[in-house]
Amino acid sequence: MHLTKDEEALLESNSSVAKLMEILVALGKIYGAERLIPIHSSHISGISYQNIGDEGLEWLESLNAKVVVKTTVNPAGMDLVKWEAMVDKDFYSKQIRIIKALEKIGAEISLTCTPYYLYDVKFGMHLAWAESSAIIYANSIIGARTNRESGISAIASAVIGKTPYYGLHIKENRAPNVLIKAANFDPSALGYHVGRILKHDQIPIFRFEKTLSKDELKSLGAALAATGNVAIFHVENQTPEWKNFEIPKEKIEIDGFEIKNECEPDLIAIGCPHLSKDELLQVLKLLEKEKKTVKRELWLFTSRYVANKNKEIVEKIESFNAKVFCDTCMVVSPITEKFECVMVNSGKALTYLPKLRGVKVKFGSLKECIKTALN
Ligand code: F3S
């Protein structure tokens, strides 16, 4: 890989910067990149103490480096305000140390998997994002360009301000190679199913009978990225790049797909990925329609940014006895382990909750989830 003189000099810098530069060079070599390109922003995942433990915490604290581009971070293991409802003091203090370490390198403590709600991510921008649901959103729905970075390579790119030029940064590699015709589906369930049946490195283009909202595309993408190794999809007449490519010959037809799994939920958890304002409003509308307070635990997860901008909606939702949490989610917080069966409307949560939190999971649409919470 060709390095400029300035880039070569970074390999001789202090040991943190040199190590991070070595990571980018190694990745570039593995994937055949000819050079590094500048990035607009970075998004760091894997920052919950639950997931990275003492080893990850100590590594972050050992970093002697500063980010040089806008850098946001994924959810932590607890709500920073309502943490006592979720974790013990020891967990809290370790999580705060992780946050302080990230602050020290210059990252914004956004604590959300939806960084695209926080600032204007534009078509064609090169990014180095970790967090599969954010990556697939940025590539597919916005038309920005990022590979599936890990937490560590996202930190490396944030500090160096560059990423190796390969994979989805190159237009030709973003072409679809399988057409999926789908009807009568829940977007999250469809993503969950399609991710499982796609072959490695297949990029789908969907043909739907109706237009999906951005939130529905967000759910579809998050599920697709959770069950498959997918970082981009296209939708005919909807996503920004679909017209740039030919429609592939290989075709899969799906008519009505349901996820069947039964357990009696003691928690209904909504907000994977973190809820948008419109999604909060949808929940509120469903609650207001029934005019009843919830009978089971109903927890909603969103970013502090969205919650602060929509305080009235959040208060109204909480008046129905539902709880709105920020900075964290049902998958990265240890609190979910206290429950036996968690009902979700997210194909991503459905995939990870049994694996990471060891709980049973039931899938339903948002309407079904709210109905269950009320009865
Ligand atoms: Fe976000 Fe947590 Fe789901 S980080 S995408 S809400 S698993």
Side-chain angles (χ1 to χ4, degrees), residues 43-52 56 72-80 86-87 95 98-99 102 107 109-118 129-141 146 148-151 154 187-189 191-192 195 214-228 230-231 267-276 279-280 283 298-307 323-337 339 342-359 361 363 366 369:
H43 180 74
I44 302 169
S45 68
I47 69 122
S48 168
Y49 177 66
Q50 181 67 29
N51 294 356
I52 62 171
T72 46
V73 300
N74 234 24
M78 66 202 187
D79 183 306
L80 291 195
M86 300 190 132
V87 296
Q95 184 66 68
I98 292 175
I99 289 171
L102 289 162
I109 308 307
S110 51
L111 305 174
T112 180
C113 47
T114 54
Y116 41 83
Y117 293 150
L118 273 50
W129 282 14
E131 170 48 45
S132 65
S133 70
I135 294 162
I136 200 165
Y137 191 100
N139 277 321
S140 316
I141 297 160
T146 176
R148 267 178 90 132
E149 301 296 342
S150 67
S188 217
Y192 178 84
K214 277 196 179 167
D215 287 327
E216 288 173 319
L217 294 176
K218 174 175 85 167
S219 303
L220 168 76
L224 203 51
T227 55
V230 189
L267 170 66
I268 293 94
I270 311 289
C272 172
H274 274 174
L275 296 170
S276 65
E279 289 172 311
L280 284 170
V283 172
L298 171 62
W299 292 8
L300 310 177
F301 295 91
T302 187
S303 62
R304 194 154 297 280
Y305 175 85
V306 168
K323 297 185 179 96
V324 178
F325 291 109
C326 302
D327 317 317
T328 187
C329 80
M330 68 290 259
V331 173
V332 299
S333 173
I335 184 67
T336 318
E337 289 167 12
F339 296 89
V342 184
M343 186 170 188
V344 295
N345 66 336
S346 155
K348 176 163 181 177
L350 179 71
T351 308
Y352 287 114
L353 277 173
K355 284 186 205 161
L356 297 178
R357 299 284 74 84
V359 290
V361 198
F363 182 84
L366 180 64
C369 285

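For the single chain, residues carry numbers from 1 onward in sequence order. Everything numeric in this text was worked out from a predicted model, so none of it was measured. Atoms within each ligand, like the ligands themselves, are counted from 1 in listed order.
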Residues at least two apart in sequence or cross-chain that pass side-chain hydrogen bond (donor to acceptor under 3.5 Å, both in side chains) with Thr112, listed by chain then number, are Thr114, His274
Apply side chain to side chain contact (heavy atoms under 4.5 Å, CB included) to the pair Val332 and Gln50, showing each step before the final yes or no.
CA-CA 7 Å; Val332 299; Gln50 181 67 29; 5.9 Å; no
Under the salt bridge (Lys or Arg N to Asp or Glu O under 4.0 Å) rule, collect the residues that match up with Glu131, sequence neighbours excluded.
Lys348
Could I get the full list of salt bridge (Lys or Arg N to Asp or Glu O under 4.0 Å) partners for Lys214, not counting sequence neighbours?
none
Distance-only, no hydrogens or angles: does the Arg357 side chain make a donor-acceptor pair with backbone N or O of Val331 under 3.5 Å?
yes
Aromatic rings Tyr137 and Tyr116: how do their planes relate, parallel, tilted or perpendicular, breaks at 30° and 60°?
parallel
Near atom 1 (Fe) of ligand 1 (under 2.8 Å) - protein N, O or S atoms:
Cys113 SG
